Protein chains: 2
Amino acid sequence: MAQSDTVTRILDTAEVLFAERGFAETSLRNITSKARVNLAAVNYHFGSKKALIQAVFARYLDPFSERFHSALDALEARYASRDIPLEVLLETMATTVLEVPAERNSLKVFMRLLGLAYSQAQGHLRRYIQQEYGDVFSRFTELVRRATPDLPDAERFWRLHFMLGTVIFTLSGLDALRDIAEKDYHQQVSVRDLIRRLRPVVVAAMNAPLPDERDTEPHADTVAH
Amino acid sequence: MAQSDTVTRILDTAEVLFAERGFAETSLRNITSKARVNLAAVNYHFGSKKALIQAVFARYLDPFSERFHSALDALEARYASRDIPLEVLLETMATTVLEVPAERNSLKVFMRLLGLAYSQAQGHLRRYIQQEYGDVFSRFTELVRRATPDLPDAERFWRLHFMLGTVIFTLSGLDALRDIAEKDYHQQVSVRDLIRRLRPVVVAAMNAPLPDERDTEPHADTVAH
DNA sequence: GATTGTTTAAAACATCCGTTTTTATGGAGA
DNA sequence: TCTCCATAAAAACGGATGTTTTAAACAATC
């Protein structure tokens, strides 16, 4: 043991604490004391707190990126040069997202981290993810573009992010929502079950009619630009 | 002057800085120096940083809650005992949300604050908001229930939270998304514009067909519960 | 005009932070 | 066995944070 068991313990602890409280609210002392590791170990092994944060993401995103590329390769081969239907693309992404963290039972953590990557300031993180994994995302969105040729580019951009929000919000807050749902409607809710419910909603949202060109409400006051 | 001009200056500055960087990343010294006010003034007038945060929210949510109650009163009067259509309910909520901060040209700030309330840990904030403004939300969801009688309770519960996720994720990550959107499609994106795009998506999502009873994907592996 | 209560100003306080430095440890290679 | 070196542990550093204290300024009341 102990080769660099320390590194793993730090990563395991850090991802949980980050997911629970965010980056700024989680101190290195929180992490190292809970991981029962010396404080200096983080700077020794990772260099800085920023680098730790990036390493936490890399441990999920590296395998995800690899698997997703493979899955898209398989799809493109299967469909030759024909367009891949939107439902198939979404299904493939969902499957890949579910596969990656399954080994460590930490889908919730993974989702929560993804949400933080967007909502927390942390400019360095966005830059890092964009630079390191931007190409997988670009490849996916390009396929989505071909699958929805009638959608204006900007509209597709926003709808994809709307749906990203739906998924991340739901899965990252899963425990809380599950509690409420089971108390109010006493039914068991599995992740599989949620994905089943999500599918028609996401498809309908992506295929929603375009918004009115000039909109504006008559009875609303003027509003900041 | 200066009755308690200081209090107002603190609130005005704090809400902007909170919206830009989040709560933990904004220090009292940031606020007081930018507001050109003494450091101790925050603790003197508000008691603590937590109380300052709550006060910032109260200044938006108090008028929102009041207006939204009035708007729902008006709707219930107009529709007598007939059910209020879903579109009208959503439109009313959107309109009220847009109205409140209009006076101070700070719609973006309000939106970002709402996003932060969910995405940042800050347990005290969620508790405060739930306790202080929970009844308006309950009233709204009850009306939504009557507006969508064909939707099973559980399905409506999940779809409402799906849409909550869409809105909150979009608004709380607004700056990040806006950066990407403007770089890729160089178009200006206003909050008004976003709401216009959101409407058809939310309506379509709520009216999506029910998921298949027995679903299951053949090629997906088993997954953590 | 002295006195009172309220607000601002300046300084100090205790604590926590990320990081660096210093010292100890323990196992692999000569 | 001794040396070396990667790791671990302990301690300290410099700086920033929220809060409190102390003193001054101000306005209103008697």
Side-chain angles (χ1 to χ4, degrees), chain A residues 1-59 113 116-117 120-125 127-128, chain B residues 1-59 113 116-117 120-125 127-128:
Chain A
M1 61 165 152
Q3 141 77 6
S4 237
D5 170 67
T6 302
V7 169
T8 308
R9 278 230 300 286
I10 291 176
L11 285 172
D12 287 344
T13 310
E15 71 175 26
V16 171
L17 291 182
F18 285 154
E20 281 176 0
R21 333 184 195 171
F23 305 116
E25 295 84 353
T26 303
S27 71
L28 294 185
R29 285 171 174 82
N30 291 153
I31 298 172
T32 53
S33 71
K34 181 165 183 187
R36 297 191 307 125
V37 150
N38 190 270
L39 169 62
V42 169
N43 286 28
Y44 177 78
H45 286 286
F46 297 93
S48 69
K49 187 181 181 181
K50 282 185 184 179
L52 205 215
I53 295 176
Q54 294 176 357
V56 165
F57 274 83
R59 206 161 56 138
L113 288 176
L116 287 179
Q120 305 259 103
Q122 299 290 350
H124 75 94
L125 222 200
R127 261 176 278 123
Y128 170 78
Chain B
M1 62 166 150
Q3 141 79 7
S4 236
D5 171 67
T6 300
V7 169
T8 308
R9 278 230 300 286
I10 290 176
L11 285 173
D12 287 345
T13 310
E15 71 176 24
V16 171
L17 292 183
F18 285 155
E20 281 176 359
R21 333 184 195 172
F23 305 116
E25 295 84 354
T26 303
S27 71
L28 293 186
R29 284 169 176 82
N30 290 154
I31 297 172
T32 53
S33 71
K34 182 166 183 187
R36 299 192 305 125
V37 150
N38 189 268
L39 170 62
V42 169
N43 287 75
Y44 176 78
H45 286 286
F46 298 93
S48 68
K49 187 180 181 182
K50 282 185 184 180
L52 206 215
I53 295 176
Q54 295 177 356
V56 165
F57 274 83
R59 205 162 57 139
L113 288 177
L116 286 179
Q120 305 258 103
Q122 300 289 352
H124 74 96
L125 224 198
R127 257 176 281 124
Y128 170 79

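Everything quoted here is computed from the prediction, not taken from an experiment.
Checked against dA11(C), dA12(D), dA9(C), the side chain of Asn38(B) finds its nearest nucleotide in dA9(C). You'll find that the side chain of Tyr44(B) is closest to dT6(C), out of dT6(C), dG18(D), dG18(C). Closest contact between the side chain of His45(A) and the listed nucleotides dT8(C), dT20(C), dA8(D) involves dA8(D). Checked against dC17(C), dT17(D), dT7(C), the side chain of Ser27(A) finds its nearest nucleotide in dC17(C). Comparing atom distances between the Lys49(A) side chain and each of dG18(D), dA9(D), dG18(C) picks out dG18(C) as nearest.
Checked by atom type, the side-chain pair Asp5(A)/Thr8(A) shows no donor-acceptor distance below 3.5 Å.
Atom CZ of Arg36(B) and atom P of dT7(C) are 20 Å apart (whole Å). Rounded to an integer number of Å, the gap from CZ of Phe46(B) to P of dT20(D) is 16 Å. Regarding Ile53(B), its CD1 atom lies at a distance of 14 Å from the P atom of dT17(D), rounded to whole Å. To the nearest angstrom, P of dC16(C) lies 14 Å from CG of Leu39(A). Taking atom CZ on Phe23(B) and atom P on dT17(D), their separation rounds to 17 Å, with Å as the unit. Rounded to a whole Å, the CG atom of Leu28(B) is 17 Å from the P atom of dC16(C). Going from atom CD1 of Ile10(A) over to atom C1' of dA8(D) covers 11 Å, rounded to whole Å.
Between Lys34(A) and Asp12(A) no salt bridge is recorded (no basic side-chain N to carboxylate O distance below 4.0 Å).
Residue whose closest nucleotide on DNA chain D sits further toward the 5' end, between Ala41(A) and Arg29(A): Ala41(A).
The shortest distance between the side-chain N/O atoms of Asn43(A) and the OP1/OP2 oxygens of dT19(C) is below 4.0 Å. Here Ser48(B) does not reach the OP1 or OP2 of dG18(D): none of its side-chain N or O atoms lies under 4.0 Å away.
Among the candidates Val42(A), Thr26(A), Asn43(A), the single residue satisfying the side chain to side chain contact (heavy atoms under 4.5 Å, CB included) test with Leu52(A) is Val42(A).
Closest approach of Arg36(A) and Arg9(A) over heavy atoms only: O-NH2, 3.0 Å.
Residues Asn38(A) and Thr32(A) fail the side-chain proximity criterion, which asks for heavy atoms closer than 4.5 Å.
Counting non-hydrogen atoms under 4.0 angstrom, Thr32(B) reaches nothing in the nucleic acid.
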